[in-house]
Each structure stands twice: as C-alpha cells, then as structure tokens.
Amino acid sequence: MVYLTGDTHGELDRFKHGRLRWLGKRDIVVVLGDFGFVWDGSKEEQKKLDWLRKRPYTLLFLDGAHENYDLLAQYSVEERCGGRGQALGDHVSRGSLLELEGMNLLVTGCTESPDKEEREAGYNWWPQEMPSDEEYAACEANLEANGWQVDYVLTHDAPSRFLDFTSLAVGESNRLHLFLDKILLKLTYEKWFFGCYHKDVALSTKSRCVFCDVIPMGERHAKR
C-alpha cells in the first residue's frame with residue numbers, strides 16, 4: 001500500500017508513532033515536501049537518516065523549502081519507480097511520472113520561501129527551492145508523453161486556483177503557482193494531494209492538503 005503524509009521537518013516522531021510505525025516491507029511512504037532530514041549534515045542528522053533507511057518500507061520524499069539543496073545535490077540520481085530520484089530516502093526529482101502499485105502519479109516538489117528575504121543564501125535558504133526553466137519544460141514534456149493523464153498528482157505547493165478564497169492563501173501567486181495552474185487546466189487526474197500549508201483539510205473531492213495525517217491511497221488500483 002502507498003501512504004502519504006505531509007511535512008516532517010527533520011523530526012522522527014511521525015515515523016515512530018501512529019500508523020507509520022506498523023508498516024511493512026511491501027508498503028511505500030511518500031512525504032509531500034519539507035522532508036528536512038538533509039539540512040545541516042551533522043552526525044545527529046546522519047543518525048536519523050540511518051534510522052530511516054532501516055525501516056522495512058520504501059520511503060520517498062518530495063523537496064520543499066526546508067532542504068539544504070547543496071547537500072541534496074551530492075547524492076547520485078538514479079531511476080526510481082519509472083522516474084528519477086536519489087538514494088537517501090529517496091528524493092523524487094521534480095516533474096517525475098512514477099508508477100506505484102499500478103497507479104500513475106505526477107510528482108513534483110519545491111516551493112518559494114515566503115520569508116526568503118530574511119534568510120541567508122547557502123545557509124538557510126537556497127535559490128534552487130524554485131524550479132528552473134529546464135525543470136518546468138521537463139515536467140510538461142513528461143505529461144505530454146503521457147497524454148496529460150495520471151491517476152494522482154503529488155506536489156509540495158499547490159495551484160493558486162486551490163488557494164484562492166481559502167484559509168490556505170498566504171499572498172501573491174508566484175511562478176510555481178501559475179505553472180501548477182497551467183498543469184491543472186490541461187491534466188486529467190483523479191485526485192491532487194499537496195503539503196506545504198501545515199493543515200489537514202480536504203478542499204474538494206479532488207484536492208486535499210496533507211500535514212500530520214497518514215493517508216492510504218489507491219485501494220481500487222491495488223485490487224486490479
């Protein structure tokens with residue numbers, strides 16, 4: 001079974017307690033951004049990563065704002081579940097199309113820190129938190145090749161169309177929000193899950209913000 005959860009920010013509590021504690025080797029856990037276990041490269045952080053690597057399930061994560069992108073870039077990129085990722089947790093590259101348990105998923109992380117002007121570049125903020133032109137183009141090319149159709153969309157941030165007129169809206173739309181709006185209008189999908197906003201709330205029957213919840217997904221696909 002595939003399970004989704006939201007920002008973990010380098011804390012192990014989500015993995016040590018509750019539902020994730022009991023998962024087995026046939027399960028997959030996807031963290032929807034702000035994984036946070038690649039931040040300072042300390043011995044304590046390495047102990048946490050080693051503990052996570054010993055879990056019986058497969059752990060995947062999207063990148064968010066709270067990742068050290070210089071450290072993250074040091075890990076080699078490999079083919080993962082039909083997409084591309086890095087062998088540490090595993091980090092799923094932006095704009096990847098994954099196939100998990102018979103489900104097709106568009107997976108793309110990243111977001112813009114709202115307080116980046118108060119942060120120090122290369123210390124607690126990295127410009128790589130936002131996609132490059134090449135990454136935007138690669139995401140569209142992957143979707144074009146798949147006929148603009150997936151079962152689920154997993155992102156860290158959300159389209160501005162989801163955020164408008166909700167309690168999640170935090171300010172003006174940035175380029176990423178507008179790109180996700182563009183994807184939203186062209187894409188056929190069953191449901192869109194995203195993290196980022198530290199709330200557990202269903203915005204509609206097709207969109208849900210995830211934080212502390214652990215959500216099983218794809219039961220009907222698993223039964224095929």
Side-chain angles (χ1 to χ4, degrees), residues 4-15 29-42 45 48-49 52 59-75 77 84-86 88-96 106-136 138-139 153-164 166-181 183 192-201 203 207-213:
L4 306 178
T5 193
D7 301 11
T8 49
H9 292 292
E11 298 296 330
L12 291 175
D13 286 352
R14 193 88 48 85
F15 303 96
V29 176
V30 183
V31 178
L32 298 175
D34 280 356
F35 183 59
F37 290 94
V38 184
W39 184 252
D40 60 17
S42 65
E45 185 172 86
K48 291 180 179 180
L49 282 170
L52 288 170
L59 176 61
L60 307 175
F61 70 93
L62 286 60
D63 58 309
H66 298 101
E67 328 291 352
N68 182 327
Y69 283 94
D70 291 337
L71 287 179
L72 200 56
Q74 295 177 17
Y75 291 87
V77 177
R84 292 173 65 76
Q86 291 165 289
L88 51 99
D90 301 310
H91 168 222
V92 181
S93 297
R94 298 166 181 175
S96 291
L106 167 64
V107 181
T108 189
C110 64
T111 192
E112 185 174 53
S113 297
D115 60 349
K116 67 178 184 179
E117 301 301 328
E118 302 169 13
R119 293 174 176 263
E120 182 180 342
Y123 174 69
N124 58 8
W125 174 79
W126 285 263
Q128 302 97 304
E129 69 181 17
M130 285 290 277
S132 64
D133 290 343
E134 291 77 12
E135 287 172 324
Y136 283 124
C139 180
V153 183
L154 309 182
T155 58
H156 181 54
D157 211 334
S160 66
R161 288 171 178 266
F162 288 177
L163 305 177
D164 290 344
T166 75
S167 60
L168 300 180
V170 294
E172 295 182 4
S173 296
N174 57 43
R175 185 182 178 189
L176 175 61
H177 293 140
L178 299 179
F179 176 76
L180 294 177
D181 282 343
I183 295 299
W192 190 312
F193 298 92
F194 61 97
C196 189
Y197 293 94
H198 294 188
K199 291 186 179 181
D200 290 294
V201 57
L203 302 184
S207 60
R208 180 167 179 171
C209 183
V210 184
F211 183 31
C212 293
D213 284 350

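Atoms considered below: every heavy atom in the structure, side chains included; atoms not considered: hydrogens, waters and symmetry mates.
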message = Quick one, V153 with F194, criterion side-chain contact (heavy atoms from CB on, under 4.5 Å). Give me CA distance, side-chain angles, the key distance, then yes/no.
response = CA-CA 8 Å; V153 183; F194 61 97; over 6 Å; no
Would you give the length of the straight line joining atom [atom1] of [X] to atom [atom2] of [Y], rounded to the nearest 0.5 angstrom?
X	Y	atom1	atom2	answer
D213	K199	CG	NZ	14.0 Å
L62	C196	CG	SG	11.5 Å
C209	F193	SG	CZ	11.5 Å
L32	L60	CG	CG	10.5 Å
L203	Y197	CG	OH	10.5 Å

Suppose we screen for side chain to side chain donor-acceptor pair (under 3.5 Å). Which residues come up paired with [X], at least two apart in sequence or across chains?
X	answer
E134	S132
D181	S160
T8	none
R161	none

Kindly write out the residues that satisfy side chain to side chain contact (heavy atoms under 4.5 Å, CB included) with [X], not counting sequence neighbours, or none if the list is empty.
X	value
N174	E112, M130, L176, H177
D70	N68, W126, Q128
D115	S113, E118, R119
E120	Y123, N124

Pairwise side-chain contact, [X] with [Y], heavy-atom cut-off 4.5 Å (strictly under):
X	Y	answer
R208	V201	no
L180	F162	no
S173	L163	no
D63	H156	no
V92	L154	no
L52	F35	yes

ask   = Checking side-chain contact (heavy atoms from CB on, under 4.5 Å) for the pair I183/T108: CA distance, chi angles, key distance, verdict?
value = CA-CA 12 Å; I183 295 299; T108 189; over 6 Å; no
[X] (side chain) donor-acceptor with [Y] (main chain) under 3.5 angstrom:
X	Y	answer
S42	E45	yes
E67	G36	yes
D34	A65	yes

Distance-minimising heavy-atom pair for G41 and L71 = N-CD1, 3.5 Å
task = Might you point out which heavy atoms bring L106 and C139 nearest each other, and give the distance in Å?
result =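 Smallest interatomic distance, heavy atoms only, reads CD1-SG, 4.0 Å.
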inquiry  = The criterion is salt bridge (Lys or Arg N to Asp or Glu O under 4.0 Å); which residues satisfy it with E135, sequence neighbours excluded?
reply    =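 E135 satisfies salt bridge (Lys or Arg N to Asp or Glu O under 4.0 Å) with R94 only.
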Using the ring-ring contact (aromatic ring centres under 6.0 Å, His included) criterion, which residues pair with [X]? Sequence neighbours excluded.
X	result
F15	none
W125	none
F211	H198

request  = Show your reasoning for whether side-chain contact (heavy atoms from CB on, under 4.5 Å) applies to D200 and V210.
outcome  = CA-CA 5 Å; D200 290 294; V210 184; 4.1 Å; yes
